[in-house]
Structures are given as C-alpha cells and as structure tokens.
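Remarks on the structure that follows.
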Amino acid sequence: MPALIGAGILALVAWWLSGWEMWPWLFGGVGGLVAVLIFARRLPPIWRLTVPLLVVGVWLLTYVDPWWWVLLAGVAVTGAGVAALVTLRLRVRRWQTLTALALGVVMVATGWAMLAVDAARHARQTQQELNQAHDDAVARILPHSPGSMVNFLAERIARPTPDAVADACFVFAPAARQQLADARHVPDCPAAIGAMAAEVTAAGDYVNNLSLPGQASQPNPDGTLSVDACHLDFSGLTDDTPHANPGPQIGLLTLAQQHGQGHLIVNYRSCPSG
C-alpha cells in the first residue's frame, strides 16, 4: 500500500508539472496495465496498479525540467530520513539516517535553487522574444523611404489631431524628439509638432503638392540616411499663388533603418536660417 500511494503521488505531481500531458496516461498507464495483466498475472492486485502508475510517473517526468527530479528525489530522501528518525530515534542506523537527512536537504535546496535560475533564464528569454517581436512590428509600420517619411510627417503636421501628433512623434527616436523640441523652443515633441502645425496656411496644398527633391537624400558611411527636408518642393504652386508656401519646412533628418524594414528618425536639426 505505501508503494501504491507513493506511485500515485508521483504520477499526480509529475502530471501537474508536465502541464497535464495525457499521452503517458493513454499509452503508459493503459499499456502498462494491460502488460501486467497479460505477463504478470501472479502479481498481487496492488502491484498491478502500482507498476502502471510508476511507468506513467516516470514518463511524465521526461516532460519537466530535470531539476524537478532532483527536488522530488530530495523530498523523498528527506521524508525517508525523517521517518527513520522518528521510528528508530537514532538507536540504530544512526549514520545512515543522518546521511539521508543531509543528502535530502541538499538535494531539495539544490533543486529549488536551480529551478529558480532556470525560471529567471526562461523569463529573460521570453522577454527578449517579446521585445524582438515588438521591434519587428514597429519596424514594419515605420515609413520605408525618405519621401514617405516626409509625406508622413507633413500629413500629421497639416492635420494635428491628438492621434496624428502621437503618430508624428512615434517616428522620432527619444533623442531626436528632444532635439525637435529644443529646435522649436518647446518642452516636448507634441508641442513641437503643434508649433509646426501653426505655420500651415493651406493644409490641402501642403499635403497634396509637397515632394522631396531627389538630391535631398544622401547615404552616410554608418548606413544612415541624411535627408534635407528644408527645401521641400510644392509642385504646381508659384510665387503668385496665395499659398506658395503652404506650410513649414520640416528640417534636417537622419534616418536609420530598423531591422531591414522601416526608418526611424535618430537625429534632427532645424533648417539653417536664411
């Protein structure tokens, strides 16, 4: 009966640790029971249940961190040492009992510590995977060319709703956001976008007639792109048109490609005066 209880506890604990895997129960438990009934008919009834439970428990342990094996074995050894201590009271087998207790405690402590280390490592790995997935998602939605970046900013500057302002600041790296704010003499990026929006005199002309000259974008030795958005071309608008300059020049931008996809503004400078 103690063996049956121990095998049952082992199977249940291993089942919980394995995430409630069912295959060992279906193949190990049922198969082991059938094998015992066929090949070991002379076994007592209790052992006919104990053997399949042991098979299931050991099989389930293959799904869990091996340090759980050390911890569970330590619990078993410690339990056996405590039982011997209570029963024998160190009158006989004193050194065996004390050794079992010490070994059990060491195994429990080691298993517990290494499980904590593995859990921390797994948490770091999971966080890194989440960060990587987030960075990839961000890179996909960033503008993919200097022209699309300038058009993206112009559309948000021309119609500065709260969401549009947030989108405009999103394409700036933190350092570039502060550079934009400093250039506009305002506390933060949203205020800088608002200041630029205040210079828009004709939103439709600013968005629909804006283009970035071909020579405005130049590669840098470090792989970034320098974009001169200080000489934006408003095709179709002449000096005689009431809104020949329908909005502000954006500035000097440095773009860095993210994960081989979209670009992020990593450096900002205001347009030279005059």
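Here, residue 1 is the first one in the sequence, and each next residue gets the next number. All values below come from the heavy atoms of this structure, side chains included, with hydrogens, waters and symmetry mates left out.
- Remark: W95 CH2 is loosely packed, at most 12 non-hydrogen atoms of other residues, nucleotides or ligands lying under 6.0 Å away.
- In this structure, H259 places its NE2 atom where more than 12 heavy-atom neighbours from other residues, nucleotides or ligands lie under 6.0 Å away.
- For the pair Q178 and D188, the minimum side-chain heavy-atom distance is 4.5 Å or more.
- Annotation: side chain of P246 is not in contact with side chain of V200 (no heavy-atom distance under 4.5 Å).
- Both L225 and L212 are assigned to one and the same hydrophobic cluster, defined by single-linkage of ILVMFWY side chains at heavy-atom distances under 4.5 Å.
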For residues 11-18, tabulate all N or O donor-acceptor pairs below 3.5 Å that involve a side-chain atom, not counting sequence neighbours.
| from | atom 1 | to | atom 2 | distance (Å) |
| --- | --- | --- | --- | --- |
| W15 | NE1 | E21 | O | 2.9 |
| S18 | OG | A14 | O | 3.2 |
| S18 | OG | W15 | O | 2.9 |
| S18 | OG | E21 | N | 3.4 |

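- In this structure the side chain of M196 reaches within 4.5 angstrom of the side chain of I250, judged on heavy atoms.
- When all heavy atoms of C189 and R177 are compared, the closest pair comes out as CB-CB, 4.0 Å.
- Under the 4.5 Å side-chain heavy-atom criterion for ILVMFWY residues, no single connected hydrophobic cluster contains both L252 and L210.
- V207 and F152 are members of different hydrophobic clusters when ILVMFWY side chains are connected at heavy-atom separations under 4.5 Å.
- L142 has its side chain within reach of Q258: a pair of non-hydrogen atoms, C-beta onward, lies under 4.5 Å apart.
- Remark: R184 engages E199 in a salt bridge, criterion side-chain N to carboxylate O under 4.0 Å.
- Cluster membership for I141 and V150, using ILVMFWY side-chain heavy atoms within less than 4.5 angstrom, is shared.
- No side-chain donor-acceptor contact under 3.5 Å links D182 and H185.
- Counting heavy atoms from C-beta on, the side chains of L61 and V64 come closer than 4.5 Å.
- Using a 4.5 Å heavy-atom cutoff, the side chains of I265 and M149 are in contact.
- Between D222 and T224, the side chains place a donor N or O and an acceptor N or O closer than 3.5 Å (distance only, hydrogens not considered).
- At most 12 heavy atoms of other shown residues, nucleotides or ligands fall within 6.0 angstrom of atom NE2 in H122.
- Both W20 and L72 are members of a single hydrophobic cluster when ILVMFWY side chains are connected at heavy-atom separations under 4.5 Å.
- Here the options are Q128, Q127, E129, the test is side-chain hydrogen bond (donor to acceptor under 3.5 Å, both in side chains), and the partner is N131; only Q127 passes.
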